[in-house]
Visitor: 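Would you mind keeping the following structure in view while I ask a few things?
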Number of protein chains: 2
Amino acid sequence: MVRDMAGSVRGRRAPRVSGDERERAILEEAERLLGERSLGEISVDDLARGAGISRPTFYFYFPSKDAVVLTLIDRIVVEADRVRDESLQSQADPVASWRESIRIMYATFAEHGATVRAAAELGATNDEARALWSRVMEGWVEHVAERIEAEVARGAATPAAPPPRELAIALVQMAERVMHAIFIAESPAVDATQAVDVLDHVWRTAIYGAAA
Amino acid sequence: MVRDMAGSVRGRRAPRVSGDERERAILEEAERLLGERSLGEISVDDLARGAGISRPTFYFYFPSKDAVVLTLIDRIVVEADRVRDESLQSQADPVASWRESIRIMYATFAEHGATVRAAAELGATNDEARALWSRVMEGWVEHVAERIEAEVARGAATPAAPPPRELAIALVQMAERVMHAIFIAESPAVDATQAVDVLDHVWRTAIYGAAA
DNA sequence: GAATCTACCAACACGGTGTCGAGAAAGTCG
DNA sequence: CGACTTTCTCGACACCGTGTTGGTAGATTC
């Protein structure tokens with residue numbers, strides 16, 4: 001959860017007692033509407049009316065439409081970290097677990113599809129959204145980089161590979177890009193049923209395989 | 001160049017004789033301003049004044065701000081196709097030429113950095129921009145897929161790999177994402193000086209290397 | 001029961017978009 | 001040449017979305 005200097009939750013002026021239902025109603029309405037149309041097609045008025053308040057009152061709860069989405073992204077940061085850490089514990093076979101990491105990343109993104117889409121849209125114009133999203137990415141990159149390093153230390157990974165962190169960034173960004181293309185039904189896009197297999201192949205060969 | 005049913009260049013109402021300098025001035029001003037700030041921070045008025053005309057007159061040449069950027073993207077489609085085809089002729093060693101493809105893709109994107117950024121920003125909200133950009137991607141995907149198929153036919157590529165086209169999509173999208181992160185100075189991002197090396201490693205191992 | 005705080009909104013100012021209708025300038029043709 | 005058309009231009013307008021102001025009603029606190 002991101003808090004400002006006064007300790008209040010993002011966008012909420014006074015965290016003291018209540019009015020929480022309104023705030024939650026706005027967030028729920030935002031998620032609901034993002035399932036129907038893009039962020040750009042949703043106005044503050046839509047959000048306000050959907051939450052049963054007037055537009056000016058909306059500004060009592062959030063400083064802007066963007067702040068609502070930022071709060072939504074916050075949740076994914078937390079959720080992604082939690083789910084990833086859970087998967088770390090049940091590690092077992094290091095080679096086979098790459099696939100599990102990809103699968104979990106896919107599932108996390110898919111579950112919050114509407115918010116991921118909105119995050120991408122907002123990231124195009126909003127610095128804070130970009131920064132926040134980069135925290136999601138950084139979490140995955142660190143996770144993957146650490147595990148590549150472990151494989152290098154174990155002598156299992158290919159020695160000719162680039163530095164673990166550089167490789168991890170490329171692999172995670174590939175996964176993000178491939179998944180995003182699928183979720184927004186872009187074309188060209190990898191076939192959804194093969195996505196995890198394709199990514200798994202590229203990850204494993206890049207980490208363990210020797211170049212010709 | 002994209003033309004509508006009447007045969008006119010995108011956005012230009014009457015293609016008959018002239019006024020071309022104005023149109024070119026708008027496009028140049030757009031490219032110039034995109035080097036300074038993002039598309040969202042540029043208004044039609046900025047474009048018009050920069051080209052020495054009033055805002056309503058702008059609408060004589062282009063139906064919207066978006067259409068200007070679309071025209072700019074058009075140029076990249078053409079440019080990218082041309083440069084890629086040139087590189088195809090001087091093929092030589094198939095294994096070593098992957099790196100050359102990546103290098104060319106990097107150079108093309110870098111040369112039109114401002115437009116690529118604008119294309120990404122516009123793609124978040126504009127269907128036509130997304131469709132147009134997907135043509136750029138499709139060009140690269142077909143190119144890479146064909147060459148993977150050739151390597152498979154030659155018996156050089158790994159047989160355990162996913163279908164060539166699926167693999168090509170993932171690899172091209174990785175390259176796009178990695179390059180984009182570098183150009184907009186995102187973090188995490190692959191180190192610019194190592195980008196081509198890292199991508200080359202992943203491509204070659206994914207195409208030729210065996211999974212552990 | 002006065003002061004304070006929470007929750008609310010009508011009305012406004014502002015900035016951006018896209019259109020309309022009225023010209024000016026420049027080419028075309030009898 | 002002078003009427004006619006086409007190209008090009010812009011002032012003024014209608015519209016929409018944002019964020020702010022100023023004020024109110026109800027609950028809470030002392």
Side-chain angles (χ1 to χ4, degrees), chain A residues 6-27 29-30 33-34 37-71 118 121-122 124-129, chain B residues 6-27 29-30 33-34 37-71 118 121-122 124-129:
Chain A
S8 63
V9 172
R10 179 194 306 288
R12 186 75 203 294
R13 262 186 218 159
R16 302 274 181 81
V17 265
S18 186
D20 280 354
E21 319 80 48
R22 289 293 193 211
E23 191 176 326
R24 211 171 304 138
I26 292 170
L27 289 167
E29 182 67 8
L33 290 177
L34 282 171
R37 37 199 156 109
S38 77
L39 181 60
E41 289 163 346
I42 297 167
S43 71
V44 171
D45 202 54
D46 295 333
L47 255 24
R49 287 192 189 288
I53 52 177
S54 72
R55 205 169 54 77
T57 300
F58 167 91
Y59 288 100
F60 178 79
Y61 293 100
F62 291 94
S64 68
K65 185 173 71 175
D66 290 5
V68 176
V69 179
L70 254 14
T71 303
E121 187 177 338
L122 195 57
T125 54
N126 184 312
D127 287 348
E128 204 178 347
Chain B
S8 64
V9 172
R10 178 194 307 289
R12 186 74 201 294
R13 261 184 217 160
R16 302 277 180 78
V17 264
S18 185
D20 280 354
E21 319 82 48
R22 289 290 192 215
E23 191 175 327
R24 209 172 304 139
I26 292 170
L27 289 167
E29 181 68 6
L33 290 177
L34 283 172
R37 38 197 155 109
S38 78
L39 182 61
E41 289 163 345
I42 297 167
S43 71
V44 171
D45 202 55
D46 294 334
L47 255 25
R49 287 192 189 289
I53 53 176
S54 72
R55 204 170 55 77
T57 301
F58 166 92
Y59 288 100
F60 178 79
Y61 293 100
F62 291 94
S64 70
K65 186 172 70 175
D66 290 5
V68 177
V69 179
L70 254 16
T71 304
E121 186 178 338
L122 194 58
T125 53
N126 184 310
D127 287 348
E128 203 180 345

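Just so it is clear, the structure is predicted and the values come from calculations on it, not from any experiment. So that the names make sense, note that chain A is the first sequence line, chain B the second, and so on, each numbered from 1.
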Visitor: When you measure from the side chain of A/K65 to the backbone N and O of A/L47, does any donor-acceptor pair fall under 3.5 Å?
Guide: no
Visitor: Rounded to whole Å, how long is the line connecting atom CZ of A/F60 with atom P of C/dT6?
Guide: 7 Å
Visitor: Measure CZ/B/F62 against P/C/dT17 and give the value in whole Å, please.
Guide: 15 Å
Visitor: Other residues, nucleotides and ligands only: do more than 12 of their heavy atoms fall within 6.0 Å of CZ on A/R37?
Guide: yes
Visitor: Any side-chain heavy-atom pair from A/V68 and A/V44 closer than 4.5 angstrom?
Guide: no
Visitor: In whole Å, what is the span from the OH atom of A/Y59 to the P atom of C/dA10?
Guide: 15 Å
Visitor: Expressed as a whole number of angstroms, how long is the span from A/I42:CD1 to D/dT18:C1'?
Guide: 16 Å
Visitor: Are any of B/Y61's side-chain N or O atoms less than 4.0 Å away from OP1 or OP2 of D/dT7?
Guide: no
Visitor: Take atom CD of B/E21 and atom P of D/dT9, then tell me their distance rounded to the nearest Å.
Guide: 9 Å
Visitor: Side chain of A/S64 only, heavy atoms from C-beta on: which candidate in D/dT9, D/dG19, C/dT17 is closest?
Guide: D/dG19
Visitor: Take A/F60 and A/I53 through the side-chain contact (heavy atoms from CB on, under 4.5 Å) test and state the conclusion after the steps.
Guide: CA-CA 10 Å; A/F60 178 79; A/I53 52 177; over 6 Å; no
Visitor: Under the salt bridge (charged side-chain N to carboxylate O under 4.0 Å, His left out) test, which residues partner A/E121, sequence neighbours left out?
Guide: none
Visitor: Counting side-chain heavy atoms from C-beta on, which of C/dC9, C/dT19, C/dG18 comes nearest to A/P56?
Guide: C/dC9
Visitor: If you take all heavy atoms of B/I42 and B/L33, which pair is closest and at what distance?
Guide: CD1-CB, 3.6 Å
Visitor: What heavy-atom pair brings B/S64 and B/F58 nearest, and what distance separates the two atoms?
Guide: O-CZ, 3.6 Å
Visitor: Can you see if the side chain of B/T57 gets near the phosphate of D/dC10 - specifically, an N or O under 4.0 Å from OP1 or OP2?
Guide: yes
Visitor: What's the CG-P distance between A/L47 and D/dG17, to the nearest Å?
Guide: 13 Å
Visitor: What is the separation between atom CG on A/D20 and atom P on C/dT6, rounded to the nearest whole Å?
Guide: 13 Å
Visitor: Given atom NZ of B/K65 and atom P of C/dG16, what is their separation to the nearest angstrom?
Guide: 9 Å
Visitor: When you compare the protein's N or O atoms with those of nucleotides 23-28 of chain C, which come within less than 3.5 Å of each other, and at what distance?
Guide:
none

Visitor: Contacts to DNA chain D from residues 48-55 of chain B, heavy-atom cutoff under 4.0 Å, which residues?
Guide: B/I53, B/S54
Visitor: Hey, is the main chain of A/A51 close enough, under 3.5 Å, to the side chain of A/R22 for a donor-acceptor pair?
Guide: yes
Visitor: Hey, does A/L27 have a side-chain heavy atom less than 4.5 Å from the side chain of A/Y61?
Guide: no
